[in-house]
Each structure stands twice: as structure tokens, then as C-alpha cells.
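Report on the following structure.
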Amino acid sequence: MPKDVITQRSVDYNQWYLDIVREADLAEVAEVVRGCIVVKAHGWAIWELMQRALDDRIKATGHSNVQFPLLIPKSFIMKEAEHVEGFAPEVAEVTRAGGEELAEPYVIRPTSETIIGYFYSKWIRSYRDLPLLYNQWANVMRWEMRTRPFLRTAEFWWQEGHTAHATEAEAEEETLRILHEVYADFVEREMAVPVIRGLKTEKEKFPGALRSYCIEAMMQDGRALQAGTSHNLGQNFARAFDITFTDQNNTIQYAWTTSWGVSTRLIGALIMTHSDDEGLVLPPRLAPIQVVVVPIYKNDEERSTVMAAVARMTAAWKGRLRFKVDDRDNYSPGYKFNEWELKGVPVRIEIGPKDVAKETVALARRDIPGKAGKSFVPQAGLTERIEALLEEMQTTLFQRALAFREAHTADVTTYDELKEQVERGFARAFWAGDTTDEKRIQEETRATIRCIPLEQPGTVGRCIYTGRETDRQVIFARAY
RNA sequence: CGGGGCGUGGCUCAGCCUGGUAGAGCACCGCGUUUGGGACGCGGGGGUCGUGGGUUCAAAUCCCUCCGCCCCGACCA
């Protein structure tokens with residue numbers, strides 16, 4: 001039995017999450033910098049794989065990467081009314097530099113719409129300059145009151161896309177393209193996390209946006225996690241930063257802008273969707289190590305026999321699988337099994353003298369923990385077998401998460417049912433209320449409207465709160 | 001930011017109530033035996049007790065400040 005290093009999910013879900021982050025060596029709270037974390041090697045390796053898959057999609061949809069300054073003049077943040085209200089309380093300021101008080105303080109970017117808006121106004125003159133399709137990979141800082149590794153940290157890493165368009169329709173098209181082709185596609189195919197695509201309500205939208213779209217995922221405790229957002233900013237930021245262009249009719253127009261982002265919070269989503277009481281579980285596509293080999297031997301003679309077999313076996317893997325041979329002498333095989341399970345390596349190959357003699361290996365799959373997921377298979381055809389298994393695991397993890405979400409989602413028709421359902425998962429309900437109603441529900445149930453799903457039933461029902469007839473359904477849930 | 005809990009070797013914690021100069025297990029280092037689900041024996045190193053101040057002959061222990069962490073709220077990617 002593994003040592004008791006991870007709190008069981010059923011005992012304390014939040015403690016379980018923190019235990020996974022620690023034991024899988026993903027990150028550590030940076031106790032000398034409030035609310036910040038150190039992303040450790042294994043955690044960052046996962047993020048790099050995420051970045052690559054996202055960046056490919058961002059480029060494939062026509063965007064280029066750029067890099068803007070970390071610091072933003074404080075006055076910039078103050079220019080868009082809703083934006084100020086939304087972000088002013090949580091920005092960190094730089095007031096001194098070079099040993100002197102600054103004439104105007106800078107803020108450390110909480111997001112970059114404002115400074116990017118300033119430059120876009122310089123760069124855009126004509127409709128021929130549009131669309132402008134840029135993205136940046138950056139760290140940002142928001143002085144959050146309560147932090148949790150990956151889910152909410154003062155400093156976090158993300159990508160933020162910022163585009164400008166000639167028409168409202170083009171901006172809307174861009175906002176939705178990102179939602180579907182970049183975010184939902186990435187999260188479902190690479191992370192194996194099913195999402196609900198939807199529109200945010202007025203209460204929940206991005207400060208300064210016309211409309212915010214999002215993808216929402218369900219964690220294993222039934223709570224919702226916003227996994228990505230894509231905003232149609234309308235002409236709000238264009239007006240604040242004077243982003244104008246001359247159109248075909250020689251008329252000056254404000255541009256239509258968008259912004260969209262996903263962050264290292266996705267690592268938290270990954271953990272809370274797939275992992276179990278034995279440790280981290282990673283979808284094969286995002287596993288820094290997909291296969292680990294644990295050689296087993298009792299003496300030097302056995303060692304050389306086994307290691308020779310390992311070398312023959314892994315020669316075929318180069319360029320096909322991300323693998324590691326754990327040949328450390330100072331740990332027992334049992335120790336290694338547990339360590340790689342904690343770190344979420346999808347496939348483990350064990351090979352000892354008996355296997356060499358029989359031309360077999362022991363193969364263990366992480367999505368089925370313990371002995372149940374272990375089998376003895378021939379060395380012949382092993383590479384293909386592993387590749388097929390990784391594909392299968394990727395699908396299994398997605399299907400499992402989808403089944404979980406479906407089992408924890410229910411249509412509710414009364415307010416009492418809603419209260420009960422948000423304790424265990426998503427509540428789907430007809431909705432015709434306003435922001436005031438929404439706030440009241442949040443106070444009473446701690447649940448919020450996560451989104452208005454893009455996919456609607458096309459039927460009519462009575463609003464869960466106001467009783468008015470409506471054709472609009474929403475998802476209520478408690479959120480991270 | 002409001003309410004609650006807590007900071008003692010790397011980690012988990014005991015000691016604090018009732019002041020008298022710091023311990024355990026795990027981890028680490030050395031040697032030997034081990035190795036198919038977290039091995040064992042012997043020996044060894046490591047802590048100005050979160051920070052700053054106060055009370056006292058004497059503070060891990062009592063009082064105050066600040067910092068940080070965890071839980072529950074409000075806010076949020």
C-alpha cells in the first residue's frame with residue numbers, strides 16, 4: 001500500500017487537491033511572495049505542452065505572437081469605465097524606480113487591453129490595416145484576496161489574444177472562432193476535459209466587454225471551473241483609446257476589438273478532472289513523460305541483462321513516445337511505481353530477469369490504478385501496443401469525465417430543486433431574471449449562472465425565479 | 001477584506017496551559033545487507049522555535065506588531 005501522503009477525495013476534496021499539487025511536484029507556494037507560486041519542473045513541462053498545442057491553434061487561425069511591456073501607465077487603466085471598476089482594486093503599482101518617485105505610477109499588467117489599445121490606435125489608419133490579429137504569452141498579476149495553486153494566484157501565466165476588426169460581425173466571428181476552434185477544441189481534445197460553451201450573463205461578463213463567451217468544465221466535486229473566455233469588446237476600448245480607421249467611404253470609424261485568454265488555471269482543471277486518490281492522472285497528449293520504464297534486478301549480472309533488453313526496447317521509441325528509463329539504484333522498484341503513479345505517468349513498463357527470459361514486460365496503465373491495470377504482454381509489437389493504449393486512454397479519460405458531468409447535471413424546475421442540485425453539480429434551468437435576481441440567488445445558494453449555453457433546447461418553460469415564460473436555459477453551479 | 005484555525009530541523013508534528021535554554025517519526029549523509037507495490041541494521045549531520053518589539057534574572061512557552069499558510073464567506077482567469 002502507498003504511504004498515506006494523499007488525503008482521500010471523499011474526506012476533504014480541497015486538501016486532496018493541495019496534496020496532489022505537492023506530491024506530483026507541480027508547484028509550491030512561494031511563501032516569500034504573497035499569493036504567488038513557483039511552478040516546478042513537472043508542472044511547467046505540462047504547461048509547455050499546453051502552450052505548444054494552443055499556440056499551434058492560435059497560429060492556424062491566423063494570429064501572430066507579439067510582446068508588450070509588463071508595466072502599464074496607471075492612467076491607461078482608468079480610461080474605460082467598467083474596466084477601472086473591475087480591475088482597479090486588484091492591481092499592484094510601481095511608484096518608485098531608479099531611486100526616485102515616478103511622476104506617474106505604473107501598474108503591473110492585470111491584463112493588457114489598455115496598453116495594447118494605445119498602440120493599436122497608433123498602428124491602425126485604414127480599413128486595409130484590419131483585421132489585426134495578435135496574441136501574447138505573458139505573466140500577469142492580480143492582487144487576489146484568496147489564492148490557491150493554479151486555480152487563483154496573484155501572478156499567473158497565460159496567453160491573451162487581442163484583435164481589431166472593421167465590422168461588428170467580423171469581431172463576433174473572431175470571438176466565436178477562438179471559443180470553438182482554439183479553446184473548446186484544445187480543452188476537449190488535448191486535456192480530455194469536456195466543456196459547455198456559452199455566453200456570460202451581464203453580471204459575469206468581462207469588465208468593459210460587450211459580450212463574454214466562455215467554456216465551463218465540471219470538477220470532481222461538482223463545482224464549475226471557467227476554463228477559458230473570449231470577449232467581444234464592441235467599440236468600448238476603441239472609444240477609450242481612440243482606435244479609429246478610415247473605411248472604404250472615407251469615413252472615420254471606431255474599430256471593433258476582441259480579447260481572449262486561457263491561463264495556468266487549466267493545470268488546476270486538469271488535476272481536478274482526472275486525478276484520483278493515488279495521485280495525478282494525466283491525459284497522454286499532455287504527459288511530459290508518457291511511458292516510464294522501471295528495470296528490476298538483484299545483482300550486476302541481472303542488471304546488465306535487463307538493461308540490454310531495455311536499450312533494445314526503447315530504441316524503437318525515439319521520436320514516437322516521450323519516455324524515461326528510471327535506472328536509479330538507490331530506490332526500490334516499489335518506491336518507483338508509487339512515485340510515477342503520483343506524477344501521473346500514463347504507462348509504466350516493468351521489466352526484470354523473468355521478463356527477459358520470457359520476452360515479456362509488465363505493462364501498467366495509470367487510468368486503472370493498482371494491480372487491476374497491470375498485465376503481462378509480449379515485447380514483440382510493444383511500441384504499437386503502447387501507442388494504441390495511449391490513444392485509448394485519451395478517449396477513456398474524456399468519456400469518463402463526460403459521463404461524470406452528465407451524471408451530475410440535472411434539469412430543475414423549482415427553486416428548491418435548484419438549491420439542492422447545486423450542492424452536487426450543475427443545475428439546468430429556464431431563466432428570465434435580471435442581474436439583481438442573479439445576485440440574490442448567489443447570496444441564497446452560493447451558486448451563479450455559469451453560462452447561457454450556446455446549445456439551447458428550443459422549447460419554452462417557466463423561469464426558475466421569476467416564473468415568466470422563456471425559451472432561454474442557463475447553467476447554475478457553484479464555481480471556483 | 002470579515003470570521004475561525006495555525007506557524008518549532010527538509011516534511012508531519014510533540015513541547016507552550018503551569019517560563020529554566022529543544023525532541024520524535026519520516027527525509028538526508030556514510031557503511032553494509034537489500035531490490036517484482038513506498039526495504040533493513042549500525043553510525044552521523046542538521047533547528048537564533050515565522051518576524052520585530054515588550055515583560056522577566058531567564059521566553060518556543062506570557063503580551064503586542066507585522067508577515068505567511070489553511071478553512072468558511074465576499075471578489076475573481
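The chains referred to below are lettered A, B, ... by the order of the sequence lines, with proteins before strands, and numbering in each begins at 1.
Taking the C1' atoms as reference points, B/C16 lies 10 Å from B/A59, given to the whole Å. If you take atom C1' in B/A14 and the same atom in B/A22, they sit 11 Å apart, rounded to whole Å. The gap from the P atom of B/G25 to that of B/G37 amounts to 27 Å, rounded to the nearest Å. Of the P atoms belonging to B/U21 and B/U61, the separation is 14 Å, rounded to the nearest Å. Remark: the separation of the P atoms in B/G46 and B/G2 is 43 Å, to the nearest Å. Nucleotides B/C64 and B/U18 are separated by 22 Å at their C1' atoms, to the nearest Å. One C1' atom belongs to B/C57, the other to B/G19, and the distance between them is 12 Å to the nearest Å. For the P atoms, the distance from B/U12 to B/C1 is 26 Å, rounded to whole Å.
Base pairing of B/C1 is made with B/G73, judged by Watson-Crick or G-U wobble geometry with both donor-acceptor distances under 3.5 Å. The partner of B/G19 cannot be assigned: no Watson-Crick or G-U wobble pair with both contacts below 3.5 Å exists in any strand. Look at B/U55: it lacks any Watson-Crick or wobble partner with both distances under 3.5 angstrom. Base-pair partner of B/U33: B/A39 (Watson-Crick or G-U wobble, both distances under 3.5 Å).
Using a 4.0 Å heavy-atom distance criterion, A/K354 is classed as a base contact. Residue A/A362 is in base contact, counting any heavy-atom pair closer than 4.0 Å across all strands shown. Within the 4.0 angstrom heavy-atom criterion, no nucleotide atom of any strand lies near A/I215. A/E160 comes within 4.0 angstrom of nothing in the nucleic acid, heavy atoms only. Residue contacts for A/R450: at a heavy-atom cut-off of 4.0 Å it reaches no nucleic acid atom on any strand shown. Contact annotation for A/G352: base contact, defined as any heavy-atom pair under 4.0 Å involving a base atom. Among the atoms of the strands shown, none is found under 4.0 Å from any heavy atom of A/F206. Residue contacts shown for A/G268 are absent, as no nucleic acid heavy atom lies under 4.0 Å away. Within 4.0 Å (heavy atoms only), A/R348 reaches at least one base atom of the nucleic acid. Base contact: A/T153 has a heavy atom under 4.0 Å from a base atom.
Mapping A/F337 and A/S263 onto RNA chain B via the closest heavy atom, the residue that lands nearer the 5' end is A/F337. Comparing A/L151 and A/R478 by the nucleotide of RNA chain B whose heavy atom lies nearest to each, the residue mapping closer to the 5' end is A/R478.
Electrostatic pairing of A/E172 and A/R177 does not count as a salt bridge here, judged by no charged N lying under 4.0 Å from a carboxylate O. Salt bridge annotation for A/R328-A/E339: present, with a cationic side-chain nitrogen under 4.0 angstrom from a carboxylate oxygen.
One atom, CG of A/N299, and another, P of B/U33, lie 13 Å apart when rounded to the nearest Å. Remark: P of B/A74 and CZ of A/R148 are 13 Å apart, rounded to the nearest angstrom. What separates OH of A/Y331 from P of B/G37 is a distance of 18 Å, to the nearest Å. If you take CG of A/N338 and C1' of B/G36, they are 13 Å apart, rounded to a whole angstrom. A/R142 places its CZ atom 11 Å from the P atom of B/C76, with the value rounded to the nearest Å. Residue A/K200 contributes atom NZ, which lies 11 Å from atom C1' of B/C76 at whole-angstrom precision. Put simply, OH on A/Y480 is 14 Å from C1' on B/C72, counting in whole angstrom units. For the pair A/E23 CD and B/C26 P, the computed distance is 17 Å after rounding to whole Å.
The side chain of A/E144 has B/C76 as its nearest neighbour among B/G38, B/G36, B/C76. The side chain of A/L342 approaches B/G38 more closely than any other nucleotide in the set B/G37, B/G38, B/C76. With B/A77, B/G36, B/C70 as the candidates, the nucleotide lying closest to the side chain of A/I296 is B/G36.
The shortest distance between the side-chain N/O atoms of A/R34 and the OP1/OP2 oxygens of B/G68 is below 4.0 Å. The side chain of A/R146 contributes an N or O atom lying less than 4.0 Å from OP1 or OP2 of B/C72. A sub-4.0 Å separation between OP1 or OP2 of B/A77 and a side-chain N or O of A/Q159 is absent. Contact annotation: A/S332 does not reach the phosphate of B/G38 (side-chain N/O to OP1 or OP2, under 4.0 Å).
Ring pair A/F76/A/Y118: centre-to-centre distance below 6.0 Å. Not less than 6.0 angstrom separates the ring centroid of A/F241 from the ring centroid of A/Y120. Remark: aromatic rings of A/Y134 and A/H162 are distant, center separation not under 6.0 Å. A distance below 6.0 Å separates the ring centres of A/H63 and A/W260.
For B/G37, its base sits under 3.5 Å from the side chain of A/K374 at one donor and acceptor pair at least.
Of the options A/L280, A/I46, A/V187, a side-chain contact (heavy atoms from CB on, under 4.5 Å) to A/L270 is made by A/I46 and by none of the others.
Between A/Y335 and B/G37, no base-stacking contact is recorded for ring centres under 5.5 Å apart and planes less than 30° from parallel.
Cation-pi contact between A/R348 and A/W340: absent, since separation from the ring centre below 6.0 Å together with deviation from the ring axis within 45° is not met. For the pair A/R223 and A/Y480, the cation-pi test (distance below 6.0 Å, angle within 45°) is passed.
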